[in-house]
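Throughout, a chain's letter reflects where its sequence line sits, starting with A, and its residues are numbered from 1.
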Protein chains: 2
Amino acid sequence: MEKIDGNKLRGHLDAMVLSVLDQRDAHGFEIMQQIEKQGSGALHMKEGTLYPALYRLEEAGLVKAQWEDDTSSRRGPRRRIYHITVKGKKELNRQRVTWRQFVDVVGNIVEAPK
Amino acid sequence: MEKIDGNKLRGHLDAMVLSVLDQRDAHGFEIMQQIEKQGSGALHMKEGTLYPALYRLEEAGLVKAQWEDDTSSRRGPRRRIYHITVKGKKELNRQRVTWRQFVDVVGNIVEAPK
DNA sequence: CAAGGTATTTAGTCTGGCATAATACCTCCA
DNA sequence: TGGAGGTATTATGCCAGACTAAATACCTTG
């Protein structure tokens, strides 16, 4: 499947991240993989895109992050586990409404018959 | 109805303009009005957005423009009438496929149940 | 001739997704 | 013992394109 142009994702990424975190807590790398996976191969989320988005969401109080207790003998560096807040859930609900409206309105124009 | 954030429109505007022109030839101002109208009031297309987009489309050979013969006694300045080209129609078809894919893929993530 | 709706052009700003690279941690294996 | 490779985060700077804003111009009406 063809990759979706990044420009088209502008403004929709926050909703995607919140939705993934609404399913379960996750660290950055995991969110990236989850989005790629659920995106049927049409999305290629990169670090430079995801992490700044997470910082924005944290700044806005929509998610909280905490460093994982690194007692385990997992390989790799410590991870920041992200968790959606109550405020974040409310925002996600709003974003979902907005998403449906967007699809409706833009779809109505793009798909307009002659 | 709440206005859709301009960021969300990035990358989708060309398809909207082409689709409007696929319905009938129109001048810039008319396209703006048409999009606002078909957008159920949720879109507020402004000149600074539309005209540069039209120049890009013309540059790319997707639309052709010609100055209206101003024989009539209409009020206002001369208008540039835009017309979709064969290349533009092909592009519109591609964009429609892309649009459906976008809605599918992003919707699948944004609307994902817990 | 000023006011107001129509129509286009242009200049400049800003958001946010992208590419790239640096850093670091851990395991495995030569 | 060190380098290859997968995991994970941080930081820098680029750039497309939608936005705001204002200038210009045309025609009608009061």
My understanding is that only residues two or more places apart in sequence, or in another chain, count here; which of them pass salt bridge (charged side-chain N to carboxylate O under 4.0 Å, His left out) with [X]?
X: Glu30(A); value: none
X: Glu47(A); value: none
X: Glu58(A); value: Arg80(A)
X: Arg24(A); value: none

Separation of [X] atom [atom1] from [N] atom [atom2], in whole Å?
X: Lys46(B); N: dG12(C); atom1: NZ; atom2: P; answer: 20 Å
X: Ile35(A); N: dG17(C); atom1: CD1; atom2: P; answer: 11 Å
X: Gln33(B); N: dG5(C); atom1: CD; atom2: P; answer: 13 Å
X: Ile4(B); N: dG17(D); atom1: CD1; atom2: P; answer: 19 Å
X: Leu54(B); N: dT8(C); atom1: CG; atom2: P; answer: 9 Å
X: Met32(B); N: dA18(D); atom1: CE; atom2: P; answer: 15 Å

Review point. Which pairs count as ring-ring contact (aromatic ring centres under 6.0 Å, His included) when at least one residue sits in residues 29-53 of chain B, sequence neighbours excluded?
Key: none

Practice item. State which residues pass ring-ring contact (aromatic ring centres under 6.0 Å, His included) with His27(B); sequence neighbours excluded, sorted by chain then number. Key: none

Exercise for review: Tell me which residues in residues 21-31 of chain A put a heavy atom below 4.0 Å from DNA chain D, sorted by number, or none.
Suggested key: His27(A), Gly28(A), Phe29(A)

Exercise for review: Could you identify which residues of residues 94-110 of chain A place a heavy atom less than 4.0 Å from some atom of DNA chain D, listed by residue number, or say none?
Suggested key: none

Exercise for review: Answer yes if Leu9(A) and Tyr55(A) sit in the same cluster of Ile, Leu, Val, Met, Phe, Trp and Tyr residues linked by side chain heavy atoms under 4.5 Å apart, and no otherwise.
Suggested key: yes

**Study point:** Cluster link Ile35(A) to Ile81(A), ILVMFWY, side chain under 4.5 Å
**Key:** no

Revision key, fill the gap. Per atom distances to the Tyr55(A) side chain, the nearest of dC18(C), dT9(C), dT9(D) is dT9(D)

Point to revise | Listed nucleotide nearest any side-chain atom of Arg56(B), set dT9(D), dA18(D), dT9(C) | key: dA18(D)

Revision key, fill the gap. Ordered by number, residues from residues 57-67 of chain A within less than 4.0 Å of DNA chain C (heavy atoms) are none

Check your understanding: With a 4.5 Å limit on heavy-atom distance, are the side chains of Leu54(B) and Ile31(B) in contact?
Key -> yes

Practice item. Evaluate the side-chain proximity of Thr98(B) to Glu2(A): yes if any heavy-atom separation is below 4.5 Å, no if none is. Key: no

Exercise for review: Can you see which heavy atom on Lys87(A) is nearest to which on Ala60(A), and at what distance?
Suggested key: NZ-O, 3.1 Å

Review point. Between Val110(A) and Ala15(B), what is the shortest heavy-atom contact and its length?
Key: CG2-CB, 4.1 Å

Practice item. Take the C1' atoms of the five end pairs on each side of the helix from dC1(C)-dG30(D) to dA30(C)-dT1(D), derive the two axes, and give their angle rounded to 10 degrees. Key: 20°

Point to revise | Within residues 93-106 of chain B or reaching into it, pairs that qualify as salt bridge (Lys or Arg N to Asp or Glu O under 4.0 Å) - sequence neighbours excluded | key: Glu111(A)-Arg100(B), Glu91(B)-Arg94(B)

Practice item. Sort out for me which residue in Lys64(A), Lys89(A), Gln23(A) forms a side-chain contact (heavy atoms from CB on, under 4.5 Å) with Ile84(A). Key: Lys89(A)

Practice item. Return yes if some donor-acceptor pair links the side-chain N/O of Asp14(B) with the main-chain N/O of Ala53(B) below 3.5 Å, else return no. Key: no

Practice item. Give a yes or no on whether the backbone of Gly41(B) and the side-chain of Lys3(B) come within a donor-acceptor separation of less than 3.5 Å. Key: yes

Practice item. Go through the N and O atoms of the side chain of Glu47(B) and the base of dA22(D), and report whether any donor-acceptor pair is under 3.5 Å. Key: yes

Enumerate the protein-to-nucleotides 12-16 of chain D contacts in which both atoms are nitrogen or oxygen and the separation is below 3.5 Å.
residue : atom : partner  : partner atom : Å
dA16(D) : N3   : Arg10(B) : NH2          : 2.5

Point to revise | Phosphate OP1/OP2 of dT9(C) contacted by Tyr51(B) side-chain N/O (<4.0 Å) | key: no

